[in-house]
Number of protein chains: 2
Amino acid sequence: MAATIKDVAKLAGVAVSTVSYALNNSPKISEETRRKVFRAAKELNFRPSGAARNLKKRKTQTIGLFLYDLGGPFYSQVIEGVQEVVASHGFNLVVCSTYGGENSSAHRFMLEQFVDGAIIMGSSISDSLILQVASESFPIVVLDRELKGEYVHNVLITYEQGAYDAVSHLIKLGRRNIEFLSGPLTSFDNSLRYNGYKRALEDNGLPVPKKISLFGRCLEVGGYQAAKVMLAGSQLPDAIFAANDEMAIGSIRAMSEIGVRVPEDIAVVGFDNINIGPYVNPPLTTIGHSKYELGAIATQLVFSAQRDGSSILLPTQLVVRSSCGYKDVF
Amino acid sequence: MAATIKDVAKLAGVAVSTVSYALNNSPKISEETRRKVFRAAKELNFRPSGAARNLKKRKTQTIGLFLYDLGGPFYSQVIEGVQEVVASHGFNLVVCSTYGGENSSAHRFMLEQFVDGAIIMGSSISDSLILQVASESFPIVVLDRELKGEYVHNVLITYEQGAYDAVSHLIKLGRRNIEFLSGPLTSFDNSLRYNGYKRALEDNGLPVPKKISLFGRCLEVGGYQAAKVMLAGSQLPDAIFAANDEMAIGSIRAMSEIGVRVPEDIAVVGFDNINIGPYVNPPLTTIGHSKYELGAIATQLVFSAQRDGSSILLPTQLVVRSSCGYKDVF
DNA sequence: CTGAAAGCGCTAACAT
DNA sequence: ATGTTAGCGCTTTCAG
């Protein structure tokens with residue numbers, strides 16, 4: 001049985017309240033008593049119970065970051081941004097998966113108020129749940145959807161514009177037959193990217209293909225498979241705009257396997273500017289945005305404790321490498 | 001003020017214990033009462049307090065995964081392995097950074113028994129802390145060091161052998177002057193890799209360079225910088241064995257910048273087989289090990305609840321791509 | 001400066 | 001099948 005504050009009090013010959021004060025460095029306690037208490041605590045190998053403290057204080061001093069999939073090249077940088085500012089506030093950060101729906105750790109943590117605030121990315125926590133639990137004592141910021149409510153903030157990225165820029169770039173380079181490698185249709189991000197794609201085509205008087213290629217989640221294999229079937233078609237596009245870099249990379253792999261040259265035969269633009277980008281062959285032209293900043297700003301919003309939900313928009317920028325052709329650099 | 005179980009009891013016109021039983025689906029409760037309770041709970045927007053439950057039950061049903069840096073291509077797969085088996089036990093998973101030493105979330109969580117078990121990777125949680133807190137009710141598994149104690153388990157990878165294999169591969173391919181791109185000297189993993197390197201050289205009657213290249217943590221830039229200075233030296237090696245893939249990739253970047261050809265002039269082997277490996281140019285020959293399995297097995301060990309610390313050793317294998325030359329494939 | 005005591009919200013005997 | 005009640009370990013008035 002682990003020692004409690006009571007045991008420490010007994011050993012030190014003081015009251016429990018004194019122990020509590022001493023351990024929390026309250027100025028009320030004399031140096032001598034404090035030392036006695038610390039000695040006793042060490043001797044008993046005392047470790048305070050976080051659960052008891054949380055219960056009493058009705059706070060946990062921790063922020064939750066809830067993501068669908070904890071791996072993923074995209075997330076790692078936003079995690080860093082979050083981590084940094086959470087730590088600077090002296091809070092703890094837990095990152096949990098939303099995988100598993102109702103039974104996911106993230107769900108339980110939200111419901112059971114294990115955290116004092118949350119940053120949510122990915123759609124597997126429902127709007128209604130978020131609105132239900134958000135409150136002054138539990139601010140929430142969502143990263144990839146528009147959701148209005150008290151104590152819920154949004155930080156968004158100009159994905160639509162980014163997609164528009166990507167496709168415009170392709171068009172400027174002379175590509176005319178540009179196909180979209182899509183992520184899940186239910187994804188807000190994905191639809192934004194599709195919209196930008198469509199608008200760029202229309203603004204340039206190009207027809208919008210009704211067919212879009214789609215293979216499950218935005219993973220490398222998804223891009224690979226989608227490209228495989230695209231390549232098996234009768235008429236090849238001269239460019240691909242992928243909903244994200246991983247899919248773009250997958251598509252490049254599929255093409256190189258059958259000898260289609262990138263960018264000579266087919267140009268490729270990705271989205272997100274993940275770390276691998278510069279290393280693939282050819283180095284990937286893509287749309288970048290600051291993932292670190294996304295995390296950091298979101299976290300600041302959590303701490304801002306504003307009742308009125310704000311909505312922050314972060315820019316994207318085209319990052320030119322060579323997967324669209326050497327005219328890329330101009 | 002959020003509703004408590006007491007409020008629910010009052011509204012439903014039953015005792016608090018009845019509410020508790022009902023909400024926890026105890027069979028003791030009649031269907032009718034259960035429904036009444038659920039209705040009341042819903043009406044009050046009742047959410048149970050995890051803190052109170054944890055305090056009462058002295059368990060949290062959550063496992064902590066403590067890593068130094070939550071991003072990193074290496075970790076993502078081990079996280080997946082952990083996530084999966086934690087979920088299959090119906091537990092929650094929190095992943096926290098050990099960054100910040102004593103004040104890191106990970107530290108606090110260990111100390112304040114926020115989790116029922118921990119998986120620790122990276123050395124910033126001290127051996128003594130681990131031994132201090134490990135117990136029947138708090139099993140710990142460490143992933144990258146040997147540490148014996150009750151309720152502490154190790155899962156290790158045959159890094160030494162992997163390094164041996166990597167360097168032997170290089171030697172078989174005719175390379176004689178092989179340099180080691182080292183990670184932090186304090187790192188257990190790194191020293192294992194160095195030992196394997198050294199042993200392979202010795203077994204083949206090759207001299208062991210006293211110089212090793214070293215630039216901070218095992219990151220891409222570290223490899224880049226280390227390679228830069230190496231390349232500035234008078235006598236170039238004909239091969240590089242990097243302590244991990246990221247450094248290997250960084251070194252390749254440094255070389256391609258000044259026109260040193262890989263593998264013609266200098267062959268490169270990495271370590272860890274991270275996801276990017278196949279995409280860099282040239283595709284990286286490396287030493288692989290199953291990171292998913294590492295996480296999954298570690299987690300099973302947490303749940304095994306054995307008093308005697310066990311130590312599991314996972315194998316590595318050479319994965320041949322083309323950064324060591326086309327004779328690679330044989 | 002220190003001690004006594006009242007809970008925080010829940011669970012689980014135990015009693016009915 | 002349901003109610004009463006005693007804590008879990010801590011913080012924090014309030015008294016001294």
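Proteins come first, then strands; the chains are lettered A, B, ... in the order of their sequence lines, and each starts at number 1. As a basis for the values below, the full set of heavy atoms in this structure was taken, side chains included, without hydrogen atoms, waters or symmetry mates.
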Let me know the distance between NZ of K10(B) and C1' of dT2(D), rounded to the nearest Å.
19 Å

Ranking dT4(D), dT2(C), dA13(C) by distance to the side chain of I29(A), first place goes to dT2(C)

Do Y159(B) and F188(B) have side chains that get closer than 4.5 Å, going by heavy atoms?
no

Does some side-chain heavy atom of K291(A) sit less than 4.5 Å from a side-chain heavy atom of E80(A)?
no

Minimum-distance nucleotide to A52(B) side chain [options: dG9(D), dG9(C), dC1(C)]:
dG9(C)

Atom-pair distance (CZ on F46(A); C1' on dC10(D)), nearest Å
8 Å

When all nucleic acid strands are considered with a 4.0 Å heavy-atom cut-off, which category describes N54(B): base, sugar-phosphate, or nothing?
nothing

Rounded to whole angstroms, how far apart are CZ on R53(B) and P on dA12(C)?
10 Å

Under 4.0 Å: is that the gap between some side-chain N or O of S20(A) and OP1 or OP2 of dT11(D)?
yes

dG9(D) base / K56(A) side chain donor-acceptor hit below 3.5 Å:
no

Can you classify the ring geometry of H89(B) versus F303(B) as parallel (below 30°), tilted (30 to 60°) or perpendicular (above 60°)?
parallel

Electrostatic pair R34(B)-E31(B), nearest N-O below 4.0 angstrom
yes

K57(B) near the nucleic acid: base, sugar-phosphate alone, or nothing, with a heavy-atom cut-off under 4.0 Å?
sugar-phosphate

Length of the NZ-P vector between K6(A) and dC10(D), whole Å
10 Å

Counting heavy atoms from C-beta on, name the nucleotide in dC10(C), dC1(C), dA1(D) closest to the side chain of S30(A).
dC1(C)

From the candidates dT2(D), dC10(D), dT13(D), the one with an atom nearest any side-chain atom of S49(A) is dC10(D)

For I5(A), answer base if it contacts any base atom (sugar-phosphate contacts may also be present), sugar-phosphate if it contacts only those atoms, and nothing otherwise; contact means non-hydrogen atoms under 4.0 Å.
base

Side-chain N or O of T18(A) closer than 4.0 Å to phosphate OP1/OP2 of dC1(C):
no

Atom-pair distance (CZ on F114(B); C1' on dC10(D)), nearest Å:
12 Å

Can you see whether T33(A) engages S30(A) through a side-chain donor-acceptor pair at a distance of less than 3.5 angstrom?
yes

Side-chain N or O of R58(B) less than 4.0 angstrom from OP1 or OP2 on dG9(D)?
yes

Is the backbone N or O of I63(B) less than 3.5 Å from a side-chain atom of D116(B), with the two atoms forming a donor-acceptor pair by type?
no

Separation of dG9(D) atom P from Q113(B) atom CD, nearest Å, is 9 Å

What integer distance in Å separates N24(A):CG from dT2(C):P?
15 Å

Using a 4.0 Å heavy-atom cut-off, does S17(A) contact any base of the nucleic acid, only the sugar-phosphate backbone, or nothing at all?
base

Between R34(A) and V16(B), just flag the one whose closest nucleotide in DNA chain C comes earlier from the 5' side.
R34(A)

With a 4.0 Å cut-off on heavy atoms, is L55(B) in touch with a base, just the backbone sugar-phosphate, or nothing at all?
base

From CZ of R108(A) over to C1' of dC10(C), roughly how many Å is that when rounded to an integer?
18 Å

